Amino acid sequence: WQATLSATSASTWLVVGATGLAGSFIGYFGLVVTRQMSATSFLMLQNAIKVFIIYLGVVIFADVMNGFSAMGCTISMLGSVWYGFEAMKASPQAETKEPLSQSN
């Protein structure tokens with residue numbers, strides 16, 4: 001490992017540092033979002049993001065997806081959209097929540 005670490009270029013270390021920083025920001029903002037929405041809504045958001053990433057892999061990187069996987073991802077995305085639509089209909093006070101920038 002010592003040889004590998006010493007042979008690593010400065011640009012590689014920059015990418016590693018930037019990735020760590022981005023991960024920290026994702027974690028922080030995930031906590032902020034969790035405080036602003038219900039646990040179920042947050043889980044649905046995570047599910048939608050994961051399925052969206054699968055679709056990006058298929059479209060951008062030409063990953064192979066069989067019919068059952070595509071059907072499962074489509075059902076999952078439709079369920080996430082449906083849940084979001086129903087949650088917005090059931091919660092008219094959601095529009096009056098405080099902005100994210102205010103701390104409690």
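All heavy atoms count here, side chains included; hydrogens, waters and symmetry mates do not. Just so it is clear, the structure is predicted and the values come from calculations on it, not from any experiment. Note that the numbering runs from 1 along the sequence shown for the chain.
For S11, the side-chain hydrogen bond (donor to acceptor under 3.5 Å, both in side chains) criterion is met by S9, not counting sequence neighbours. Considering only residues two or more places apart in sequence or on other chains, T74 meets the side-chain hydrogen bond (donor to acceptor under 3.5 Å, both in side chains) condition with Y55. For the side chain to side chain contact (heavy atoms under 4.5 Å, CB included) test, residues two or more places apart in sequence or in another chain that qualify with I49 are L45, I53.
Of all the heavy atoms in C73 and V51, the pair that sits closest is O-CG1, 3.5 Å. T4 and T8 make their closest contact through O-OG1, 2.7 Å (heavy atoms, listed as atom of the first residue, atom of the second, distance).
The distance from the CE atom of M71 to the CD1 atom of I75 is 5.0 Å, given to the nearest 0.5 Å.
Connectivity analysis of hydrophobic side chains (ILVMFWY, heavy atoms under 4.5 Å, direct or indirect) links W82 to nothing; its cluster partners are none.
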Let me check something: any side-chain donor-acceptor pairs from residues 13-33 under 3.5 Å, sequence neighbours excluded? List them with distances.
unit_1, atom_1, unit_2, atom_2, d
T19, OG1, V15, O, 2.7
S24, OG, G20, O, 3.0

Side-chain donor-acceptor contacts of residues 56-70 below 3.5 Å, not counting sequence neighbours, with atom names and distances?
unit_1, atom_1, unit_2, atom_2, d
N66, OD1, F68, N, 3.3
N66, OD1, S69, N, 2.9
N66, OD1, S69, OG, 3.0

